[in-house]
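One structure is given here, and the rest of the page talks about it.
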Amino acid sequence: MKSLWKEAEAVKYQDNPINMRVYTSRLIGQDPDLVLHGGGNTSVKVKETNIFGETEDLIYVKGSGWDLATIEAPGFAPVKLKVLQQAAELEALTDTQMVKLQRSAMTDPGAPNPSVEAILHAIIPFTYVDHTHADAVVTVSNTPDGEAKIREIYGDHIMIVPYVMPGFILAKTIYEMARNLDWSTIDAMILMNHGVFTFHDDARESYERMIRIVDQAESYLQKHATVAAPSNPFQEEPEELLTLATIRGMVSRQKGSPVICRWNSDPENVSFSALPDVRSIATRGPLTPDHVIRTKRIPMILDGPPEADVEAYRQDYQSYFDRNNPGELTMLDPAPRWIIWPDHGTLTIGKNFAEAKIIDDITAHTIKAIRQAEAMEGWQALPEKDIFEVEYWELEQAKLRKGGTAPEFQGKIALVTGAASGIGKACTEMLAEKGAVVAALDIDERVKDLFSRKEILGIPCDVSDKNQLEVAVHETIRRFGGLDIVISNAGIFPDSATLGEMKPENWEKSLAVNLTSHQQLLTICHPYLQNGIDPAVIIVGSKNVPAPGPGAGAYSVAKAGLTQMARLAALEWGKDNIRINVLHPNAVYDTAIWTDEVLEKRAAHYGLSVEAYKTNNLLKIEVSSKDVAALACSMAGPAFAKTTGAQIPVDGGNDRVI
Ligand code: ZN
């Protein structure tokens, strides 16, 4: 591990100690081997003059909800140092009391809650205090004779703190241990199964001590814990994608809400999942106790039929809860957050795409640590009661609850065709805004980079090519884990021609894109939708179905066939709880079909100006792509949960349709 300190960069922060604190905190946050996703915390002690002109000793502590990688000065909470130091002298302090006390001692009520380790930071008598959950140090300590190894690496220049619950108990323990300690004789504190504290009056020295401490543990592991390089890249079989969607559906039902399920088949994960003793080593516990909030204590191991495994996991979780519940707690959902799929890698489960990625990162670090520890005397995590205490810790629970109400389509997986423009683009964006992840298919290659959100996967695809459709659907399942919503929208509007003048190729092409491609898409999606959560298909039809326009035969006939297909699908798939509804838009002119040329031709056909043509409906209003997307989203949501086989116009009112 190398110091990331850059003098040229550091001088920009040297104007005051808090800015310097921001700088070195970010250096720590940048390295995932030091802290992961909001882990770790830092502080700085300063003197400040208050509004009465009095000088006060304050400590700025990392606020909860801030990530060290991106923290800014407002991310640190200013707390009166004396109050925190006094708190360490108390015999006991509940979490709720601690939070109250810390908040009441803050000099800025608008600042975030200080870290749960604020009291500990306060009793360390140095200006800068840095705390990480460094992988290498924790890995060494998570072995049967971890303490001896730590002593072997660092000698007497560190204080070793046995594992206790983070928060007040940890602060109190160290307060007692340090009663007769000359702090200048130690460089750091190693917290068994938890992490490292370094400290100094100089920001750079405190940070670089951390780097040196971790570097020593990394060198030790390099010498004593050689792990074989992973084998060849993994190639999945199509039927395995169906297994993935089945598991994701079951876990969603177990959790009580839809989830995203990421399949990681990187060589490291596949080779870990293929280890003969993976069932034993993967189920001993997490890398550090704080991970339990994201990952639960242990992963599910896929052993046989997924249904049996998910049920077995639930039962195990129930008994773990019953064994450890002191009496008054309410059990969290019993769904796994990661799954070992032997010979196939790992699956991580999140309420949304970002959370699944966070868990994927945590498990990657956990796997590395387990393998290194196993290359020494073996991987040994904390006993389950310690993990349970953190999992059901009221402060950690509060962190999770802070999320607020979930977006309507959180955890839902959608696929939209014709997604690069018009109605398809509007549907894609609206679904994503409402919390879904979306596979956006379009024949236009630019769809790949059209959307900036990570939750939208642009896939170039000619829907009239069955193979391309299959590849696109498979890519969707591989990326997100399943399928709940299909908006079958792709369409073309051929040149106007009466039946007598119809060019055969225009007729054929319209049928291929506007009818057959939808049937093929639905057929490919069917097995995945069967495993979906409240699965819904929305077919984008046309006003031309109930009210055909002369000269638009190729289009009208294909859309009428498409509507008939949707009615059949509603009849056939009702038993699978898949609902299929059709919306009939009309006069939506911000779409790819309606080029200026087509618009002028159609307007002329009715003897209208383009403007009059656009609002030529009973309500005299324009209908936009967004209006259609809003109806499509409603049809995918709970408002239409009990409706299938319906056809709804979205056209401003049309006398021929009514
Ligand atoms: Zn910690």
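First listed ligand is number 1; within each ligand, the first listed atom is number 1. Worth saying up front: this structure is predicted, and the values here are computed from it rather than measured.
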Side chains of residues 325-335: which donor-acceptor pairs under 3.5 Å do they make with residues two or more places apart or in other chains?
{"from": "Asn325", "atom 1": "OD1", "to": "Gly327", "atom 2": "N", "distance (Å)": "2.9"}
{"from": "Asn325", "atom 1": "OD1", "to": "Leu329", "atom 2": "N", "distance (Å)": "3.3"}
{"from": "Asp333", "atom 1": "OD1", "to": "Ala335", "atom 2": "N", "distance (Å)": "3.0"}
{"from": "Asp333", "atom 1": "OD1", "to": "Arg337", "atom 2": "NH1", "distance (Å)": "3.0"}
{"from": "Asp333", "atom 1": "OD1", "to": "Arg337", "atom 2": "NH2", "distance (Å)": "3.4"}
{"from": "Asp333", "atom 1": "OD2", "to": "Arg337", "atom 2": "NH2", "distance (Å)": "2.7"}

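- Using a cut-off of 4.0 Å between Lys/Arg side-chain N and Asp/Glu carboxylate O, Arg212 and Glu205 are scored as salt-bridged.
- In this structure, Phe480 has its ring center closer than 6.0 angstrom to the ring center of Phe353.
- With respect to Arg204 and Glu7, a salt bridge is recorded, a charged nitrogen being found less than 4.0 Å from a carboxylate O.
- Arg297 forms a cation-pi arrangement with Tyr320, by the criterion of a distance under 6.0 Å to the ring centre and an angle within 45° of the ring axis.
- Aromatic rings of Phe76 and Tyr60 (six-membered ring for Trp) have centroids beyond the 6.0 Å cut-off, not under it.
- Only protein N, O or S atoms were considered, and those under 2.8 Å from the Zn ion (ligand 1) are His131 NE2, His133 NE2, His194 NE2.
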